[in-house]
Amino acid sequence: DSGVTQTPKHLITATGQRVTLRCSPRSGDLSVYWYQQSLDQGLQFLIQYYNGEERAKGNILERFSAQQFPDLHSELNLSSLELGDSALYFCASTAGGASGNTIYFGEGSWLTVV
Amino acid sequence: GENVEQHPSTLSVQEGDSAVIKCTYSDSASNYFPWYKQELGKGPQLIIDIRSNVGEKKDQRIAVTLNKTAKHFSLHITETQPEDSAVYFCAAIRRGGAGGTSYGKLTFGQGTILTVHP
């Protein structure tokens, strides 16, 4: 158990809908990452937050947004869903800091868009 | 940005043999290189990592080597067992930053499907 908790584990929704994926980082970790994993694209970085602020952005679609709350949990919002958005979405966390720390991944949220 | 290439994409070995997976990276500023193992239906799990000030690191049957000049690093698994079968990912990141923050994203290789036959 990495200590990173993601909900829901599985989600099936229709095209055009909106979903929210939730992540609770390891206790004390300030930095949260979101990744998308699909069969043809591998693990793709979406966005990173550090202590509530956006720190880095990857290939995140405009239909997707995220935020990190004062209690450090994070949410990834996916809207106007398309079939191609079906994927595993992972959250990862690390304590951060100049020297760096191990990045731990959650078990993922499996999104199926039908 | 950083680009990580990983080879081979699939690797099949007999139990007890060694397995080697190789990665190259493009950004010379990258200074931290973790390896993750992902089993079916689970999230990536860190198995070993190496920092750029170290050339080699070993943990029981697993070792990682880093060649900063050539910008490549490798995972070595000795005495493979069927439970080693999984997808393995290498990754690279530039760590550290002003104000105690970590830089940017962990860039992953494409993954290697390792199958260990009993």
Side-chain angles (χ1 to χ4, degrees), chain A residues 1-7 9-10 21 23 25-26 29-60 68 87-110, chain B residues 1-7 9-10 21 23 25 27 29-54 57 59 64 86-113:
Chain A
D1 183 5
S2 66
V4 179
T5 303
Q6 290 187 247
T7 58
K9 294 191 185 304
H10 302 277
L21 309 180
C23 169
R26 283 162 35 96
D29 282 1
L30 300 177
S31 190
V32 169
Y33 299 80
W34 285 97
Y35 279 82
Q36 179 192 58
Q37 185 176 37
S38 57
L39 283 175
D40 58 343
Q41 292 291 321
L43 278 158
Q44 297 291 313
F45 170 72
L46 296 178
I47 199 164
Q48 179 204 4
Y49 281 84
Y50 178 83
N51 202 19
E53 294 185 2
E54 183 182 304
R55 186 62 62 182
K57 215 166 186 177
N59 298 324
I60 187 168
Q68 185 179 28
L88 257 173
Y89 291 84
F90 286 107
C91 170
S93 76
T94 182
S99 62
N101 296 89
T102 301
I103 298 174
Y104 295 92
F105 281 78
E107 294 293 284
S109 292
W110 189 285
Chain B
E2 176 65 277
N3 183 52
V4 178
E5 296 287 334
Q6 182 173 346
H7 300 279
S9 57
T10 61
I21 303 171
C23 290
Y25 61 99
D27 187 355
S30 289
N31 54 13
Y32 174 66
F33 307 92
W35 285 87
Y36 287 86
K37 175 183 180 182
Q38 187 177 20
E39 297 175 324
L40 195 62
K42 296 190 174 183
Q45 178 187 9
L46 179 77
I47 55 172
I48 195 167
D49 57 14
I50 190 167
R51 286 168 170 76
S52 60
N53 59 348
V54 175
K57 183 176 179 181
D59 183 4
V64 57
V87 181
Y88 290 81
F89 291 95
C90 62
I93 189 173
R94 176 188 175 196
R95 314 219 62 168
T101 60
S102 289
Y103 275 120
K105 62 178 181 177
L106 193 62
T107 300
F108 284 88
Q110 296 87 344
T112 297
I113 301 172

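From a predicted model like this one, the values you see are computed outputs, not experimental measurements. Throughout, protein chains are lettered first and strands after them, A, B, ... in sequence-line order, and every chain is numbered starting at 1.
- Residues passing the side-chain contact (heavy atoms from CB on, under 4.5 Å) test with Ser2(A) are Val4(A), Tyr104(A), sequence neighbours excluded.
- Residues satisfying the side-chain contact (heavy atoms from CB on, under 4.5 Å) criterion with Lys9(A), sequence neighbours excluded, are absent altogether.
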- Query: After noting the C-alpha distance and the side-chain angles of Phe89(B) and Gln37(A), does the key distance pass the side-chain contact (heavy atoms from CB on, under 4.5 Å) rule?
  - Reply: CA-CA 12 Å; Phe89(B) 291 95; Gln37(A) 185 176 37; 3.5 Å; yes

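- Taking each heavy atom of Phe105(A) and Leu106(B) in turn, the nearest pair found is CE1-CD2, 4.4 Å.
- More than 12 heavy atoms of other residues, nucleotides or ligands shown are found within 6.0 angstrom of CG on Asn3(B).
- The minimum heavy-atom distance linking Thr102(A) with Tyr32(B) is given by the pair CA-OH, 4.0 Å.
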- Message: ring pair (Phe, Tyr, Trp, His ring centres under 6.0 Å) for Tyr36(B) and Phe90(A)? Distances and angles first, verdict last.
- Response: CA-CA 14 Å; Tyr36(B) 287 86; Phe90(A) 286 107; over 10 Å; no

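- Scanning both residues, Tyr33(A) and Ile93(B), for their nearest heavy atoms gives OH-CD1, 4.0 Å.
- Neither the backbone nor the side chain of Gln44(A) comes within contact range of chain B; no heavy atoms are under 4.5 Å apart.
- Within the 4.5 angstrom heavy-atom criterion, only side-chain atoms of Gln38(B), from C-beta onward, approach chain A.
- Both the backbone and the side chain of Pro44(B) come within less than 4.5 Å of a heavy atom in chain A.
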